[in-house]
Novice: 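This is the structure, below, for whatever I ask next.
So that the names make sense, note that chain A is the first sequence line, chain B the second, and so on, each numbered from 1.
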4 protein chains.
Amino acid sequence: MTTRKNSGATATPAKRQRATSSGSASERRDHLVKLAAELFARKGFQATTVREIADEAGILSGSLYHHFDSKETIVDEVLSTFLDDLIARYRAALESGGEPRAVLSEMVRIGFGTLEPHRAAITVMQNDWNYLRQFERFNYLVKAEDEVEQMWVAQIKAGQAAGQFRGDVDPKLTYRMIRDTIWVAVRWFRPGGRLNTTGLAEHYITVLFDGLATGERTTQKA
Amino acid sequence: MTTRKNSGATATPAKRQRATSSGSASERRDHLVKLAAELFARKGFQATTVREIADEAGILSGSLYHHFDSKETIVDEVLSTFLDDLIARYRAALESGGEPRAVLSEMVRIGFGTLEPHRAAITVMQNDWNYLRQFERFNYLVKAEDEVEQMWVAQIKAGQAAGQFRGDVDPKLTYRMIRDTIWVAVRWFRPGGRLNTTGLAEHYITVLFDGLATGERTTQKA
Amino acid sequence: MTTRKNSGATATPAKRQRATSSGSASERRDHLVKLAAELFARKGFQATTVREIADEAGILSGSLYHHFDSKETIVDEVLSTFLDDLIARYRAALESGGEPRAVLSEMVRIGFGTLEPHRAAITVMQNDWNYLRQFERFNYLVKAEDEVEQMWVAQIKAGQAAGQFRGDVDPKLTYRMIRDTIWVAVRWFRPGGRLNTTGLAEHYITVLFDGLATGERTTQKA
Amino acid sequence: MTTRKNSGATATPAKRQRATSSGSASERRDHLVKLAAELFARKGFQATTVREIADEAGILSGSLYHHFDSKETIVDEVLSTFLDDLIARYRAALESGGEPRAVLSEMVRIGFGTLEPHRAAITVMQNDWNYLRQFERFNYLVKAEDEVEQMWVAQIKAGQAAGQFRGDVDPKLTYRMIRDTIWVAVRWFRPGGRLNTTGLAEHYITVLFDGLATGERTTQKA
DNA sequence: CATGAATGAGCTTTCATTCAT
DNA sequence: TATGAATGAAAGCTCATTCAT
C-alpha cells in the first residue's frame with residue numbers, strides 16, 4: 001500500500017532501491033533524507049541547495065548522487081514516507097468500525113499526532129506543494145489527497161445520516177476546513193509549548209463539535 | 001495606516017514614491033505589480049524569474065529595474081498592499097463597536113472577503129512567507145501579523161468575559177485556527193464554484209460558533 | 001594648438017562644439033565636465049556611472065546626452081583640457097630661452113603647478129589611462145605624450161652638452177623618472193598639507209639636481 | 001609574515017586553503033591566479049570579465065567558482081602574494097644591519113627587482129588600487145603600505161642622523177618620491193630593452209644620491 | 001533641454017548534475 | 001562510496017544609450 005502512482009503491490013521505487021541495498025546503506029540513505037527534510041522545512045525546497053544537504057552530512061555535493069539521482073528524489077522520499085504513514089493510520093481508524101463521531105475524532109487526533117513525527121514533511125508539503133505539483137512525478141500526491149478526502153467525507157456523511165452531525169453543512173467543505181486547520185498548525189506549533197499535540201487535538205475537537213458559542217444556537221440543527 | 005515598519009503617519013515609502021510620480025506612471029507600476037503577483041501566486045516567488053514578469057508585460061527584464069530596484073521590492077508591494085487593506089478593514093469593523101460575537105463574525109466575513117480581490121497576495125503569503133521572512137526588509141510582516149492577532153484575541157476574550165463564548169478554549173489558539181482556516185482556503189477556493197466567499201464565510205461562522213454536532217454538548221460550556 | 005589628433009588649426013571637436021553653442025550652454029557643459037571629472041577621479045572612469053554624473057548635476061542620466069554623445073566624450077574633454085594647458089605652459093617655458101638647468105627647473109615647477117588646478121584630470125590619467133588607451137579616439141594622448149617627451153629630453157641633452165648635467169645618465173630614462181615622480185604625487189598630495197605644490201617642487205628640484213647624499217660623490221660626474 | 005589583516009602567525013586564509021589542498025589542486029589554483037593577473041594587468045580589474053579569465057584557462061566561467069568564491073578573491077590573491085614577497089625581502093635587507101645608505105640602496109634594488117617577477121601585480125596595484133581600496137576586504141593593503149613606509153622612513157632618518165643624507169629634505173616626502181618612481185616604472189619597463197632592472201636600479205641610485213647636476217651644489221647640504 | 005520608459009548587451013554568480021579518478 | 005573538477009543553463013541585476021513626448 002503506497003502513495004506512489006507508479007508503484008505496484010510491493011513498494012515505491014525508492015523503497016525497492018532501499019530494499020536491495022545493504023542494511024547500513026539503507027540507514028545512511030534514511031539519515032540523508034532526514035537531514036534534507038529538516039533543511040527543506042527550514043529554508044524551503046528551492047532555497048535549499050544540494051550542497052547544503054551534503055555539508056550537513058559531511059560529504060561533497062557530488063557524492064549525494066550516489067544515493068539519489070536528483071534533488072527531487074530526496075523530497076519525494078520525504079513526502080511519500082509521510083503520506084504512507086498517514087494513510088496507514090487512517091485506514092486503521094476506519095477499520096475499527098466505530099460510530100462516525102468517534103471515528104472522526106480519532107482522525108483529528110491522528111492528524112495532530114503526525115505534527116511532531118512528520119513536522120518537516122508537513123512543513124514542506126504546506127510551503128512547497130504549489131511548486132512541486134508542477135512536476136509530473138508528484139502526481140501521486142494528488143491521488144493520495146483524493147483518497148484521504150474520500151475517507152473523511154464518507155465519515156461526515158455517515159454522521160449526518162445518523163443524525164450525529166448537523167445536516168446544513170457541506171461535507172466536502174467541512175472536510176477541507178478541518179484538514180487545513182490541522183496541517184497549517186505546523187507553521188506555529190512547537191513542541192514544548194503550552195499544549196502538546198494531544199491537547200491541541202482535544203481543543204480543536206471541542207470547538208469543532210460543539211462550537212465556540214454558549215447559550216442558544218444561532219442556526220437550527222438538523 | 002500602514003504595515004511598513006519604517007513609515008510614519010503618511011504612507012509607505014513605495015506609496016510615497018508612487019504619489020510623486022505622474023498618474024500614468026503609477027498606473028504602469030501598479031499594472032506591473034499585478035502581473036508579477038499573478039506569477040508569484042502561480043509559480044512561487046523564487047520560481048518566478050524577472051524575465052517572466054517582464055515577458056508578461058511585454059518588456060525586457062532590465063526594463064523592470066526602471067520601476068523597481070529589485071524583485072523583492074515587487075513582492076513587497078504585493079504583500080504590503082494586501083496587508084494595508086486588510087488592517088484598514090479590521091479597524092473599521094472594530095470601530096463599529098458592536099458586541100464581540102457580531103464583531104468576530106464581521107472579521108470572519110472580512111477575511112473571506114479578501115480571498116477574491118487579494119487572491120494572489122494571500123497565496124504568496126501562504127507559500128512564500130517562510131522564505132521571505134528571512135530577509136530583514138520583511139520584518140514589517142511580522143509586526144502586521146502581531147497587530148492583527150491582538151485585534152482578534154481581544155475580541156475573543158471580550159466575548160468570553162461577556163459570557164458569549166465558552167471559557168474553556170484558549171483565545172490565542174482559537175484565533176490561529178480561525179485565521180489559518182480562512183487564509184488556507186485560498187489554495188482551493190475558485191470563484192464560480194458552488195459557494196462564493198460570502199457563502200463560505202457563513203458556512204464557517206455556523207460551524208465555528210455552534211459546532212458540527214447535534215444534540216447534547218460533549219463538554220461543559222462556561 | 002591642440003592635443004587632439006583629429007583637430008585642425010582651430011580647435012578640438014569638443015571645443016568647436018562649445019564655440020557654436022551659446023555662452024550659457026558652454027558654461028553648463030563645462031560645469032558638467034567638472035562634476036564628471038571629480039567623480040572619475042574619486043571612483044575611476046569605469047566605476048562612475050552616467051547616472052551618478054547626472055545625479056550630481058540634478059538631472060536624469062538620459063539628459064546628459066543632450067550635452068555629450070557618450071561617456072567617453074566627457075572624459076576626453078577632461079583629459080584634453082588638461083593636456084592643452086600643460087603643453088601651452090611648457091611651450092612658454094621653452095620659448096623663454098634660458099639655460100637648460102633653469103628651463104628644466106621651470107618645467108618641474110610647471111608640472112607640480114598643475115597638481116592643484118588639474119588634480120582630477122591627472123588622477124584620471126594615472127588610474128584610467130591603461131583602460132582608455134585601448135580606444136582609438138584616445139590615440140591623441142600618446143602623441144601629446146611624445147611631444148612632451150621630446151621637450152624634456154632635448155633640455156636634458158642640452159644640459160649634458162653644456163656640462164651642466166652629468167653625462168652618465170640616460171636622458172630618456174631620466175625624463176621618465178622625473179615625469180612619473182611629479183604626476184604620481186597626485187595620489188597622495190592634498191592641498192593644505194605640510195607643503196604646497198611650490199614647496200614640493202623646490203624639494204624635488206633640490207634632490208634631483210644635488211642628490212640625497214652629503215660628502216663625496218659616489219660616481220664620477222662628467 | 002603576511003599582509004592580510006586577519007591572519008595570525010601562520011599564513012593568510014588563502015594560503016591555508018591552498019595548503020590543505022592537494023599539490024596539484026594548489027598548482028591549478030596558482031595557474032588560474034597567474035592567468036587572471038595577466039588579464040587584470042592588461043585590461044584593468046573591472047574591464048576584465050570572469051568569462052575572459054575562464055576562457056584563458058579553457059573552462060567555463062562558472063567553473064572558476066569551484067576555486068574562488070569571487071572575482072575579488074582572485075585579485076586579492078594576486079596582490080597579497082606580491083606584498084608578502086616584497087615585505088619579506090625588505091625585512092631581510094633590514095636585518096642585514098648595514099649602514100643606512102647601503103640599506104637604502106638595497107631597498108631600491110629590491111623594488112626594481114620585483115618589476116619583472118611581479119609585473120602584473122604591480123600594474124594592478126598602480127591602476128586599480130583606487131577602485132579596490134573602497135572594499136573593506138582590501139584594508140590590509142593600507143596596513144601593508146604603512147609598514148613599508150615605516151621601514152623606508154626609518155632608514156632615511158637614520159641616514160640623516162648619521163650625516164650620510166642631507167638634513168634639509170623631508171623623509172616621508174622623499175620616501176614617497178622614491179617609491180612612486182620605482183613602481184610607476186612598471187608602466188613603461190619592458191624586459192629586453194636597453195636596460196634590465198638591475199641597470200635601472202643603479203641608474204636611479206646614482207641620480208638619487210648624487211643628483212643630476214655637476215659642479216657646485218645649489219643648496220647647502222647639512 | 002529635460003523626462004521617463006525602454007533597450008540590449010553583458011555582467012557576476014549560483015547550482016543541479018556529471019564523471020574520471 | 002567519495003572526491004574534485006567541470007559543465008551548462010539560467011538567474012538577478014547593471015548600465016550606456018535611445019527616443020517619443
Novice: Take atom CZ of A/Phe68 and atom P of F/dT1, then tell me their distance rounded to the nearest Å.
Specialist: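 Between P of F/dT1 and CZ of A/Phe68: 12 Å.
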Novice: Could you pick out which residue, C/Gln46 or A/Ile59, lies toward the 5' side of DNA chain F when each is mapped onto its nearest nucleotide?
Specialist: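 Nearer the 5' end of the strand: A/Ile59.
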Novice: How long is the line joining CG of D/Asp55 and P of E/dG10, in whole Å?
Specialist: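 From D/Asp55 CG to E/dG10 P: 13 Å.
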Novice: Are there any protein N/O atoms within less than 3.5 Å of an N/O atom in nucleotides 17-20 of chain F, and if so, which ones and at what distance?
Specialist:
unit_1	atom_1	unit_2	atom_2	d
F/dT17	OP2	C/Tyr65	OH	2.6
F/dT17	OP2	C/Lys71	N	2.8
F/dT17	O5'	C/Tyr65	OH	3.3

Novice: Do D/Phe68 and D/Leu32 pass the side-chain contact (heavy atoms from CB on, under 4.5 Å) test, and can you show the C-alpha distance, the side-chain angles, and the key distance before you say yes or no?
Specialist: CA-CA 10 Å; D/Phe68 310 96; D/Leu32 293 171; 3.9 Å; yes
Novice: Whole-Å distance between E/dT12 C1' and D/Phe135 CZ?
Specialist: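 Atom-to-atom, D/Phe135 to E/dT12, this comes out as 12 Å.
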Novice: Starting at atom CG of D/Leu32, determine the distance to atom C1' of F/dA5, rounded to an integer number of angstrom.
Specialist: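 Atom-to-atom, D/Leu32 to F/dA5, this comes out as 11 Å.
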Novice: Consider the side chain of D/Arg51, meaning its heavy atoms from C-beta on, and name the nucleotide among E/dT7, E/dC11, F/dG12 that approaches it most closely.
Specialist: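 Nearest to the side-chain atoms of D/Arg51, counting from C-beta on, is E/dC11.
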Novice: Identify the two heavy atoms, one from A/Leu132 and one from A/Phe138, that lie closest to each other, and give their separation to 0.1 Å.
Specialist: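 Answer, listing the atom of A/Leu132 first, then A/Phe138: O-CD1, 3.3 Å.
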Novice: B/Ile74 has an atom CD1; how far is it from atom P of F/dA11, in whole Å?
Specialist: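 These atoms are roughly 15 Å apart.
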Novice: Would you sort out whether A/Arg133 and A/Val142 count as a side-chain contact (heavy atoms from CB on, under 4.5 Å), showing the intermediate values?
Specialist: CA-CA 8 Å; A/Arg133 74 163 161 207; A/Val142 180; 5.7 Å; no
Novice: State, to 0.1 Å, how close C/Val33 and C/Val78 come at their nearest heavy-atom pair, and which atoms those are.
Specialist: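 Scanning both residues completely, I find the closest heavy atoms to be CG1-CG2, 3.6 Å.
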Novice: Please give, in whole Å, the distance from E/dA2 P to C/Arg29 CZ?
Specialist: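 Checked: the CZ to P distance equals 13 Å.
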Novice: Using OP1 and OP2 only, check whether a side-chain N or O of D/His67 sits under 4.0 Å from F/dG4.
Specialist: no
Novice: With distance as the sole test, does A/Asp128 use its side chain to make a donor-acceptor pair with the main-chain N or O of A/Phe45 at under 3.5 Å?
Specialist: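 It does hold such a pair.
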Novice: Quick one: is the NZ or CZ of C/Lys43 closer than 6.0 Å to the six-membered ring centre of D/Tyr131, and within 45° of its axis?
Specialist: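 No, a cation-pi geometry is absent between C/Lys43 and D/Tyr131.
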Novice: Please report the distance, rounded to the nearest Å, between CD in A/Glu52 and P in E/dC15.
Specialist: 7 Å
Novice: Indicate whether OP1 or OP2 belonging to E/dA2 is found under 4.0 Å from a side-chain N or O atom of C/Arg28.
Specialist: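 Indeed, a polar side-chain atom of C/Arg28 lies that close.
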Novice: Given the rule that a pair is Watson-Crick or G-U wobble with both distances under 3.5 Å, how would you write DNA chain E in dot-bracket, using | for pairs to a different strand?
Specialist: .||||||||||||||||||||
Novice: Rounded to whole angstroms, how far apart are CD1 on C/Ile53 and P on F/dC15?
Specialist: 12 Å
Novice: Without swapping roles, check the side chain of D/Glu77 against the backbone of D/Ile74 for a donor-acceptor pair under 3.5 Å.
Specialist: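 A pair under 3.5 Å: no.
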Novice: For the side chain of B/Ser61 and the backbone of B/Ala54, is there at least one donor-acceptor N/O pair under 3.5 Å apart?
Specialist: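 Pair absent, no side-chain N/O of B/Ser61 close to backbone of B/Ala54.
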Novice: Could you pick out which residue, D/Phe45 or B/Leu64, lies toward the 5' side of DNA chain E when each is mapped onto its nearest nucleotide?
Specialist: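 Going by which nucleotide is closer to the 5' end, it is B/Leu64.
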Novice: Over all heavy atoms of both residues, which pair between B/Lys71 and B/Gln46 is shortest? Give the atoms and the distance, please.
Specialist: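 Looking at all heavy atoms of both residues, the closest pair is NZ-O, 3.6 Å.
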